[in-house]
There are 2 protein chains.
Amino acid sequence: MRSYGQYCGLARSLEVVGDRWNLLIVRELLISPARYRDLIDGLPGIATNMLADRLRDLEAAGVVERRLADEGNAVEYALTPWGAELRGPIESLLRWSTPLMVRGPEGDAFRPEWLALAVPALLDTRVEVRPSATVGLDIGGPRWQLHATQSGFEVGPHDGRALDATVRAEPPCILGLAAGALTLGDARAFGLVEIDGDESVVRAVFAA
Amino acid sequence: MRSYGQYCGLARSLEVVGDRWNLLIVRELLISPARYRDLIDGLPGIATNMLADRLRDLEAAGVVERRLADEGNAVEYALTPWGAELRGPIESLLRWSTPLMVRGPEGDAFRPEWLALAVPALLDTRVEVRPSATVGLDIGGPRWQLHATQSGFEVGPHDGRALDATVRAEPPCILGLAAGALTLGDARAFGLVEIDGDESVVRAVFAA
DNA sequence: CCGCATCCTCATGGATACTG
DNA sequence: CAGTATCCATGAGGATGCGG
(Lines give C-alpha, C1' and ligand atoms only; values in the text may rest on other atoms or scores of the structure.)
Protein backbone atom coordinates (compact mmCIF):
# COMPACT_ATOMS: atom_id res chain seq x y z
CA MET A 1 0.00 0.00 0.00
CA ARG A 2 1.16 3.44 -0.86
CA SER A 3 1.88 5.53 2.25
CA TYR A 4 -0.64 8.12 3.39
CA GLY A 5 2.15 10.33 4.68
CA GLN A 6 0.21 11.17 7.84
CA TYR A 7 1.52 10.95 11.40
CA CYS A 8 -1.74 9.41 12.62
CA GLY A 9 -2.11 5.98 14.16
CA LEU A 10 -5.10 5.14 12.01
CA ALA A 11 -3.28 6.01 8.79
CA ARG A 12 -0.22 4.02 9.84
CA SER A 13 -2.36 1.04 10.84
CA LEU A 14 -4.02 1.05 7.45
CA GLU A 15 -0.66 1.14 5.72
CA VAL A 16 -0.01 -2.24 7.36
CA VAL A 17 -3.40 -3.98 7.32
CA GLY A 18 -5.49 -1.78 5.02
CA ASP A 19 -4.67 -3.54 1.77
CA ARG A 20 -7.30 -5.78 0.26
CA TRP A 21 -7.36 -9.29 1.82
CA ASN A 22 -4.95 -8.41 4.65
CA LEU A 23 -7.42 -8.37 7.52
CA LEU A 24 -9.13 -11.48 6.19
CA ILE A 25 -5.79 -13.29 6.27
CA VAL A 26 -5.37 -12.15 9.87
CA ARG A 27 -8.89 -13.45 10.58
CA GLU A 28 -7.89 -16.90 9.33
CA LEU A 29 -4.72 -16.90 11.42
CA LEU A 30 -6.62 -15.72 14.52
CA ILE A 31 -8.77 -18.81 14.17
CA SER A 32 -5.66 -20.96 13.97
CA PRO A 33 -2.18 -21.09 12.43
CA ALA A 34 -2.49 -22.44 8.92
CA ARG A 35 -0.71 -23.83 5.90
CA TYR A 36 -0.81 -22.08 2.53
CA ARG A 37 -3.50 -24.45 1.29
CA ASP A 38 -5.65 -23.87 4.41
CA LEU A 39 -5.52 -20.14 3.74
CA ILE A 40 -6.55 -20.61 0.11
CA ASP A 41 -9.52 -22.68 1.31
CA GLY A 42 -10.49 -20.21 4.03
CA LEU A 43 -10.31 -17.21 1.70
CA PRO A 44 -12.60 -18.12 -1.20
CA GLY A 45 -11.85 -15.87 -4.15
CA ILE A 46 -8.24 -14.96 -3.36
CA ALA A 47 -5.70 -15.36 -6.16
CA THR A 48 -2.68 -17.44 -5.31
CA ASN A 49 -0.20 -14.70 -6.15
CA MET A 50 -2.16 -12.24 -3.98
CA LEU A 51 -1.90 -14.56 -1.00
CA ALA A 52 1.84 -14.97 -1.51
CA ASP A 53 2.30 -11.19 -1.86
CA ARG A 54 0.24 -10.39 1.20
CA LEU A 55 1.95 -13.00 3.36
CA ARG A 56 5.30 -11.46 2.44
CA ASP A 57 4.01 -7.96 3.27
CA LEU A 58 2.56 -9.03 6.59
CA GLU A 59 5.71 -10.93 7.49
CA ALA A 60 7.88 -7.91 6.68
CA ALA A 61 5.60 -5.71 8.79
CA GLY A 62 5.89 -8.04 11.80
CA VAL A 63 2.27 -9.18 11.81
CA VAL A 64 2.77 -12.73 10.53
CA GLU A 65 5.60 -15.19 11.02
CA ARG A 66 6.43 -18.20 8.92
CA ARG A 67 7.31 -21.34 10.84
CA LEU A 68 8.36 -24.84 9.98
CA ALA A 69 5.85 -27.52 10.88
CA ASP A 70 5.58 -31.27 10.38
CA GLU A 71 9.24 -31.82 11.30
CA GLY A 72 10.50 -29.28 8.80
CA ASN A 73 8.55 -30.67 5.87
CA ALA A 74 5.93 -27.95 5.72
CA VAL A 75 5.60 -24.18 6.08
CA GLU A 76 3.06 -22.86 8.55
CA TYR A 77 1.90 -19.28 8.99
CA ALA A 78 1.02 -17.80 12.36
CA LEU A 79 0.47 -14.38 13.93
CA THR A 80 3.17 -12.67 15.93
CA PRO A 81 2.08 -11.41 19.39
CA TRP A 82 1.51 -7.95 17.90
CA GLY A 83 -0.43 -9.45 15.00
CA ALA A 84 -2.64 -11.32 17.44
CA GLU A 85 -3.59 -8.00 19.02
CA LEU A 86 -5.58 -7.29 15.88
CA ARG A 87 -8.28 -9.37 17.54
CA GLY A 88 -9.53 -6.16 19.14
CA PRO A 89 -10.01 -4.14 15.93
CA ILE A 90 -11.46 -7.18 14.16
CA GLU A 91 -13.96 -7.92 16.93
CA SER A 92 -14.93 -4.28 16.87
CA LEU A 93 -15.63 -4.43 13.13
CA LEU A 94 -17.56 -7.66 13.64
CA ARG A 95 -19.84 -5.90 16.11
CA TRP A 96 -20.22 -2.96 13.76
CA SER A 97 -21.24 -5.26 10.91
CA THR A 98 -24.48 -6.47 12.49
CA PRO A 99 -26.70 -4.34 10.20
CA LEU A 100 -24.86 -5.81 7.22
CA MET A 101 -25.42 -9.38 8.41
CA VAL A 102 -29.16 -9.18 9.02
CA ARG A 103 -29.66 -9.24 5.23
CA GLY A 104 -28.70 -12.91 5.31
CA PRO A 105 -26.08 -14.73 3.23
CA GLU A 106 -27.50 -13.85 -0.23
CA GLY A 107 -25.38 -16.53 -1.82
CA ASP A 108 -22.12 -15.61 -0.07
CA ALA A 109 -19.80 -18.38 1.05
CA PHE A 110 -19.95 -19.41 4.68
CA ARG A 111 -17.48 -21.29 6.87
CA PRO A 112 -18.33 -22.35 10.43
CA GLU A 113 -14.82 -21.52 11.65
CA TRP A 114 -15.67 -17.84 11.24
CA LEU A 115 -17.99 -18.25 14.22
CA ALA A 116 -14.94 -18.82 16.37
CA LEU A 117 -14.32 -15.07 16.05
CA ALA A 118 -17.84 -13.77 15.57
CA VAL A 119 -19.52 -15.39 18.56
CA PRO A 120 -17.12 -14.11 21.24
CA ALA A 121 -17.14 -10.68 19.56
CA LEU A 122 -20.93 -10.45 19.69
CA LEU A 123 -21.38 -11.85 23.16
CA ASP A 124 -21.34 -9.26 25.87
CA THR A 125 -18.81 -10.79 28.24
CA ARG A 126 -19.72 -8.32 30.92
CA VAL A 127 -22.91 -10.28 31.50
CA GLU A 128 -22.50 -12.54 34.49
CA VAL A 129 -22.02 -16.20 33.68
CA ARG A 130 -22.96 -18.15 36.75
CA PRO A 131 -21.79 -21.72 36.15
CA SER A 132 -19.70 -22.82 33.21
CA ALA A 133 -21.52 -24.32 30.26
CA THR A 134 -20.69 -25.94 26.93
CA VAL A 135 -22.97 -25.79 23.92
CA GLY A 136 -22.56 -27.88 20.79
CA LEU A 137 -23.02 -26.17 17.44
CA ASP A 138 -24.16 -28.48 14.63
CA ILE A 139 -23.96 -26.46 11.46
CA GLY A 140 -23.36 -29.18 8.91
CA GLY A 141 -19.87 -30.57 8.86
CA PRO A 142 -17.97 -31.28 12.05
CA ARG A 143 -19.55 -30.24 15.34
CA TRP A 144 -18.24 -27.12 17.04
CA GLN A 145 -18.59 -26.07 20.63
CA LEU A 146 -18.88 -22.91 22.66
CA HIS A 147 -17.51 -23.14 26.19
CA ALA A 148 -18.38 -20.34 28.58
CA THR A 149 -16.99 -19.67 32.04
CA GLN A 150 -16.78 -16.66 34.34
CA SER A 151 -13.53 -15.64 32.71
CA GLY A 152 -14.71 -15.66 29.11
CA PHE A 153 -15.61 -17.74 26.09
CA GLU A 154 -13.89 -20.21 23.85
CA VAL A 155 -15.19 -21.39 20.51
CA GLY A 156 -13.55 -24.29 18.69
CA PRO A 157 -14.05 -27.77 17.31
CA HIS A 158 -15.91 -30.12 19.66
CA ASP A 159 -13.45 -32.05 21.80
CA GLY A 160 -15.85 -34.78 22.86
CA ARG A 161 -16.79 -33.40 26.26
CA ALA A 162 -20.33 -33.57 27.60
CA LEU A 163 -22.64 -30.81 26.37
CA ASP A 164 -25.17 -28.81 28.36
CA ALA A 165 -27.17 -28.01 25.24
CA THR A 166 -27.02 -28.41 21.50
CA VAL A 167 -27.90 -26.06 18.67
CA ARG A 168 -28.74 -27.45 15.24
CA ALA A 169 -29.14 -25.10 12.33
CA GLU A 170 -28.55 -24.70 8.62
CA PRO A 171 -25.97 -22.12 7.54
CA PRO A 172 -28.55 -19.45 6.65
CA CYS A 173 -29.84 -19.81 10.19
CA ILE A 174 -26.74 -20.15 12.29
CA LEU A 175 -25.31 -16.88 11.17
CA GLY A 176 -28.67 -15.36 11.86
CA LEU A 177 -26.94 -15.35 15.23
CA ALA A 178 -25.86 -11.87 14.39
CA ALA A 179 -29.45 -11.00 13.61
CA GLY A 180 -31.05 -12.60 16.59
CA ALA A 181 -32.70 -15.10 14.26
CA LEU A 182 -31.06 -17.99 16.03
CA THR A 183 -33.69 -19.05 18.50
CA LEU A 184 -31.50 -21.86 19.76
CA GLY A 185 -33.78 -24.82 19.17
CA ASP A 186 -34.07 -26.83 22.37
CA ALA A 187 -31.85 -24.58 24.45
CA ARG A 188 -33.94 -24.69 27.60
CA ALA A 189 -30.74 -24.91 29.53
CA PHE A 190 -28.85 -22.17 27.76
CA GLY A 191 -29.85 -18.84 26.25
CA LEU A 192 -27.15 -17.67 23.89
CA VAL A 193 -27.96 -14.43 22.13
CA GLU A 194 -30.65 -11.80 22.47
CA ILE A 195 -31.24 -8.74 20.38
CA ASP A 196 -32.86 -5.68 21.89
CA GLY A 197 -35.34 -4.40 19.32
CA ASP A 198 -33.85 -2.61 16.34
CA GLU A 199 -30.75 -1.55 18.22
CA SER A 200 -28.93 -4.80 17.52
CA VAL A 201 -27.61 -5.01 21.05
CA VAL A 202 -26.35 -8.52 21.60
CA ARG A 203 -26.29 -10.04 25.04
CA ALA A 204 -25.43 -13.41 26.47
CA VAL A 205 -27.78 -14.87 29.03
CA PHE A 206 -26.64 -18.06 30.68
CA ALA A 207 -28.91 -20.13 32.86
CA ALA A 208 -27.38 -23.58 32.57
CA MET B 1 -14.74 -2.31 -3.59
CA ARG B 2 -15.32 -5.60 -5.23
CA SER B 3 -17.30 -7.96 -3.01
CA TYR B 4 -15.51 -10.71 -1.11
CA GLY B 5 -18.56 -12.96 -1.41
CA GLN B 6 -18.21 -14.16 2.18
CA TYR B 7 -20.99 -14.25 4.77
CA CYS B 8 -18.66 -12.92 7.46
CA GLY B 9 -19.08 -9.66 9.35
CA LEU B 10 -15.47 -8.67 8.84
CA ALA B 11 -15.64 -9.20 5.07
CA ARG B 12 -18.89 -7.25 4.83
CA SER B 13 -17.50 -4.43 6.96
CA LEU B 14 -14.49 -4.16 4.69
CA GLU B 15 -16.72 -3.99 1.65
CA VAL B 16 -18.12 -0.77 3.15
CA VAL B 17 -15.10 0.86 4.80
CA GLY B 18 -12.16 -1.15 3.47
CA ASP B 19 -11.50 0.96 0.41
CA ARG B 20 -8.51 3.25 0.48
CA TRP B 21 -9.24 6.60 2.21
CA ASN B 22 -12.62 5.51 3.56
CA LEU B 23 -11.70 5.14 7.22
CA LEU B 24 -9.66 8.34 7.10
CA ILE B 25 -12.72 10.20 5.84
CA VAL B 26 -14.68 8.72 8.74
CA ARG B 27 -11.89 9.88 11.08
CA GLU B 28 -12.30 13.44 9.85
CA LEU B 29 -16.07 13.32 10.31
CA LEU B 30 -15.73 11.80 13.79
CA ILE B 31 -13.73 14.87 14.74
CA SER B 32 -16.48 17.09 13.38
CA PRO B 33 -18.91 17.44 10.47
CA ALA B 34 -17.11 19.14 7.61
CA ARG B 35 -17.38 20.83 4.25
CA TYR B 36 -15.71 19.45 1.14
CA ARG B 37 -12.83 21.87 1.49
CA ASP B 38 -12.30 20.94 5.16
CA LEU B 39 -12.01 17.30 4.15
CA ILE B 40 -9.46 18.09 1.43
CA ASP B 41 -7.43 19.98 4.04
CA GLY B 42 -7.71 17.22 6.65
CA LEU B 43 -6.74 14.48 4.22
CA PRO B 44 -3.41 15.60 2.80
CA GLY B 45 -2.68 13.70 -0.38
CA ILE B 46 -6.23 12.78 -1.42
CA ALA B 47 -7.25 13.56 -4.99
CA THR B 48 -10.46 15.52 -5.45
CA ASN B 49 -12.10 12.85 -7.59
CA MET B 50 -11.27 10.20 -4.97
CA LEU B 51 -12.92 12.23 -2.23
CA ALA B 52 -16.03 12.76 -4.34
CA ASP B 53 -16.17 9.03 -5.19
CA ARG B 54 -15.72 7.92 -1.61
CA LEU B 55 -18.28 10.35 -0.25
CA ARG B 56 -20.81 8.99 -2.74
CA ASP B 57 -19.95 5.40 -1.75
CA LEU B 58 -20.19 6.11 1.97
CA GLU B 59 -23.45 7.98 1.52
CA ALA B 60 -24.95 5.11 -0.48
CA ALA B 61 -23.84 2.65 2.22
CA GLY B 62 -25.49 4.68 4.98
CA VAL B 63 -22.30 5.75 6.74
CA VAL B 64 -22.25 9.40 5.72
CA GLU B 65 -25.05 11.85 5.12
CA ARG B 66 -24.94 15.05 3.14
CA ARG B 67 -26.68 17.99 4.78
CA LEU B 68 -27.37 21.58 3.92
CA ALA B 69 -25.61 24.13 6.08
CA ASP B 70 -25.23 27.91 6.13
CA GLU B 71 -28.94 28.43 5.39
CA GLY B 72 -28.91 26.19 2.34
CA ASN B 73 -25.91 27.82 0.75
CA ALA B 74 -23.43 25.06 1.51
CA VAL B 75 -23.20 21.28 1.64
CA GLU B 76 -21.93 19.67 4.80
CA TYR B 77 -20.96 16.05 5.38
CA ALA B 78 -21.64 14.24 8.64
CA LEU B 79 -21.78 10.69 9.94
CA THR B 80 -25.04 8.83 10.33
CA PRO B 81 -25.59 7.24 13.77
CA TRP B 82 -24.34 3.92 12.37
CA GLY B 83 -21.33 5.64 10.82
CA ALA B 84 -20.49 7.23 14.16
CA GLU B 85 -20.28 3.74 15.67
CA LEU B 86 -17.07 3.30 13.69
CA ARG B 87 -15.45 5.14 16.58
CA GLY B 88 -14.98 1.76 18.25
CA PRO B 89 -13.07 0.05 15.43
CA ILE B 90 -11.05 3.22 14.80
CA GLU B 91 -10.06 3.62 18.45
CA SER B 92 -9.09 -0.02 18.48
CA LEU B 93 -6.79 0.48 15.48
CA LEU B 94 -5.35 3.60 17.11
CA ARG B 95 -4.38 1.55 20.15
CA TRP B 96 -2.93 -1.16 17.95
CA SER B 97 -0.80 1.39 16.09
CA THR B 98 1.38 2.35 19.06
CA PRO B 99 4.43 0.41 17.81
CA LEU B 100 4.09 2.22 14.48
CA MET B 101 3.98 5.64 16.13
CA VAL B 102 7.05 5.29 18.34
CA ARG B 103 9.18 5.71 15.19
CA GLY B 104 8.21 9.37 15.20
CA PRO B 105 6.76 11.44 12.35
CA GLU B 106 9.59 10.89 9.83
CA GLY B 107 8.32 13.77 7.74
CA ASP B 108 4.67 12.74 7.75
CA ALA B 109 2.02 15.44 7.96
CA PHE B 110 0.51 16.10 11.37
CA ARG B 111 -2.71 17.85 12.39
CA PRO B 112 -3.57 18.52 16.04
CA GLU B 113 -7.23 17.65 15.46
CA TRP B 114 -6.21 14.03 15.12
CA LEU B 115 -5.47 14.07 18.86
CA ALA B 116 -9.18 14.50 19.45
CA LEU B 117 -9.51 10.82 18.52
CA ALA B 118 -6.12 9.48 19.54
CA VAL B 119 -5.97 10.76 23.11
CA PRO B 120 -9.28 9.30 24.29
CA ALA B 121 -8.46 6.05 22.48
CA LEU B 122 -5.12 5.71 24.26
CA LEU B 123 -6.31 6.72 27.69
CA ASP B 124 -7.54 3.87 29.81
CA THR B 125 -10.87 5.24 30.91
CA ARG B 126 -11.25 2.49 33.44
CA VAL B 127 -8.69 4.23 35.62
CA GLU B 128 -10.40 6.22 38.32
CA VAL B 129 -10.51 9.96 37.75
CA ARG B 130 -10.99 11.61 41.10
CA PRO B 131 -11.77 15.26 40.37
CA SER B 132 -12.36 16.71 36.95
CA ALA B 133 -9.44 18.40 35.25
CA THR B 134 -8.74 20.38 32.10
CA VAL B 135 -5.36 20.44 30.43
CA GLY B 136 -4.36 22.82 27.66
CA LEU B 137 -2.43 21.42 24.70
CA ASP B 138 -0.18 23.95 22.95
CA ILE B 139 1.09 22.23 19.84
CA GLY B 140 1.68 25.18 17.57
CA GLY B 141 -1.43 26.70 16.12
CA PRO B 142 -4.58 27.20 18.19
CA ARG B 143 -4.61 25.80 21.71
CA TRP B 144 -6.52 22.58 22.31
CA GLN B 145 -7.80 21.18 25.56
CA LEU B 146 -8.43 17.84 27.17
CA HIS B 147 -11.21 17.79 29.75
CA ALA B 148 -11.48 14.75 31.98
CA THR B 149 -14.26 13.82 34.38
CA GLN B 150 -15.48 10.63 36.02
CA SER B 151 -17.65 9.89 33.03
CA GLY B 152 -14.99 10.19 30.35
CA PHE B 153 -12.88 12.53 28.26
CA GLU B 154 -13.42 15.25 25.74
CA VAL B 155 -10.78 16.69 23.46
CA GLY B 156 -11.44 19.79 21.42
CA PRO B 157 -10.40 23.38 20.76
CA HIS B 158 -9.80 25.41 23.92
CA ASP B 159 -12.98 27.21 24.92
CA GLY B 160 -11.33 29.74 27.20
CA ARG B 161 -11.99 28.03 30.51
CA ALA B 162 -9.42 27.93 33.29
CA LEU B 163 -6.80 25.23 32.95
CA ASP B 164 -5.40 22.95 35.64
CA ALA B 165 -2.23 22.34 33.68
CA THR B 166 -0.70 23.12 30.33
CA VAL B 167 1.38 21.04 27.98
CA ARG B 168 3.64 22.69 25.45
CA ALA B 169 5.34 20.60 22.80
CA GLU B 170 6.47 20.58 19.21
CA PRO B 171 4.66 18.21 16.85
CA PRO B 172 7.42 15.54 16.98
CA CYS B 173 6.99 15.52 20.73
CA ILE B 174 3.26 15.79 21.27
CA LEU B 175 2.52 12.64 19.38
CA GLY B 176 5.21 10.93 21.39
CA LEU B 177 2.15 10.69 23.59
CA ALA B 178 1.62 7.35 21.98
CA ALA B 179 5.13 6.35 22.92
CA GLY B 180 5.14 7.70 26.44
CA ALA B 181 7.71 10.25 25.37
CA LEU B 182 5.45 13.10 26.40
CA THR B 183 6.64 13.86 29.90
CA LEU B 184 4.09 16.64 30.19
CA GLY B 185 6.32 19.59 30.91
CA ASP B 186 5.12 21.24 34.11
CA ALA B 187 2.25 18.88 34.72
CA ARG B 188 2.79 18.49 38.45
CA ALA B 189 -0.95 18.58 38.74
CA PHE B 190 -1.77 16.11 36.03
CA GLY B 191 -0.13 12.91 34.86
CA LEU B 192 -1.46 12.03 31.47
CA VAL B 193 0.07 8.93 29.97
CA GLU B 194 2.27 6.16 31.25
CA ILE B 195 3.74 3.25 29.37
CA ASP B 196 4.48 -0.01 31.11
CA GLY B 197 7.86 -1.18 29.83
CA ASP B 198 7.90 -2.53 26.30
CA GLU B 199 4.31 -3.64 26.41
CA SER B 200 2.99 -0.28 25.26
CA VAL B 201 0.23 -0.29 27.84
CA VAL B 202 -1.15 3.21 28.11
CA ARG B 203 -2.76 4.41 31.31
CA ALA B 204 -4.17 7.65 32.55
CA VAL B 205 -3.21 8.79 36.02
CA PHE B 206 -5.00 11.85 37.31
CA ALA B 207 -3.96 13.60 40.48
CA ALA B 208 -5.20 17.11 39.89
C1' DC C 1 -0.16 -32.77 -4.17
C1' DC C 2 2.08 -27.99 -1.98
C1' DG C 3 4.06 -23.40 -2.40
C1' DC C 4 4.71 -20.29 -4.89
C1' DA C 5 6.37 -17.27 -9.62
C1' DT C 6 5.06 -15.45 -14.30
C1' DC C 7 2.23 -13.51 -17.59
C1' DC C 8 -1.61 -11.11 -19.20
C1' DT C 9 -5.93 -8.46 -18.92
C1' DC C 10 -8.82 -5.33 -16.84
C1' DA C 11 -10.39 -2.49 -12.92
C1' DT C 12 -8.99 0.96 -9.73
C1' DG C 13 -6.28 4.83 -7.93
C1' DG C 14 -3.81 9.28 -8.59
C1' DA C 15 -2.48 13.86 -10.60
C1' DT C 16 -3.96 17.54 -13.00
C1' DA C 17 -6.93 20.38 -15.78
C1' DC C 18 -11.21 22.09 -16.17
C1' DT C 19 -16.28 23.78 -15.24
C1' DG C 20 -20.80 25.58 -13.12
C1' DC D 1 -15.87 26.55 -3.71
C1' DA D 2 -17.38 22.08 -5.00
C1' DG D 3 -16.87 19.13 -7.51
C1' DT D 4 -16.08 16.52 -13.07
C1' DA D 5 -13.40 14.94 -16.80
C1' DT D 6 -9.35 13.13 -18.59
C1' DC D 7 -5.34 10.57 -18.88
C1' DC D 8 -1.78 7.70 -17.07
C1' DA D 9 0.22 4.50 -13.56
C1' DT D 10 -0.57 0.96 -10.49
C1' DG D 11 -2.61 -3.03 -8.61
C1' DA D 12 -6.04 -6.90 -8.52
C1' DG D 13 -7.69 -11.27 -10.58
C1' DG D 14 -7.27 -15.34 -13.25
C1' DA D 15 -4.78 -18.85 -15.78
C1' DT D 16 -0.89 -21.35 -16.00
C1' DG D 17 3.84 -23.12 -15.17
C1' DC D 18 7.24 -25.27 -12.35
C1' DG D 19 10.39 -27.08 -8.84
C1' DG D 20 10.23 -29.83 -4.59
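What you see is a predicted model; the values in this text were computed from it and never measured.
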What one should report as the nearest heavy-atom pair of A/Trp114 and B/Cys8 is CE3-CB, 3.7 Å
For B/Ala61 and B/Val16 the tightest heavy-atom approach is CB-CG1, 3.8 Å
Nearest whole angstrom, please: distance from the [atom2] of [N] to the [atom1] of [X].
| X | N | atom1 | atom2 | result |
| --- | --- | --- | --- | --- |
| B/Glu76 | D/dC1 | CD | P | 16 Å |
| A/Leu68 | D/dG20 | CG | C1' | 15 Å |
| A/Arg56 | C/dC4 | CZ | C1' | 8 Å |
| B/Leu51 | D/dG3 | CG | C1' | 9 Å |
| A/Leu43 | C/dG3 | CG | C1' | 15 Å |
| B/Asp41 | D/dG3 | CG | C1' | 15 Å |
| B/Leu55 | D/dC1 | CG | P | 17 Å |
| A/Ile25 | C/dG3 | CD1 | C1' | 14 Å |

Which of B/Arg66, B/Arg35, B/Arg67 passes salt bridge (charged side-chain N to carboxylate O under 4.0 Å, His left out) with B/Glu76? It is B/Arg67
> Are OP1 or OP2 of C/dC4 and a side-chain N or O of A/Tyr77 less than 4.0 angstrom apart?
Replying inline: yes
- request: Would you please confirm or rule out a distance under 4.0 Å between OP1 or OP2 of C/dG3 and any side-chain N or O of A/Arg35?
  value: yes
### Message
Between A/Trp82 (side chain only) and B/Trp96 (backbone N and O only), is there a donor and an acceptor less than 3.5 Å apart?
### Response
yes
(message) When you measure from the centre of the six-membered ring of A/Tyr4, is the NZ or CZ of B/Arg20 closer than 6.0 Å and no more than 45° off the axis?
(response) yes
Picking from C/dC2, D/dA2, D/dG3, the nucleotide nearest the side-chain atoms of B/Arg37 would be D/dA2
Per-nucleotide protein contact along nucleotides 8-20 of chain C, 5' to 3', at a 4.0 Å heavy-atom cut-off (B base, S sugar-phosphate only, - neither), is -----SBBBB---
Would a 4.5 Å heavy-atom cut-off, applied to side chains only, mark A/Leu29 and A/Leu58 as touching?
no
Test item: side-chain donor near acceptor, B/Glu15 and B/Ser3, under 3.5 Å
yes
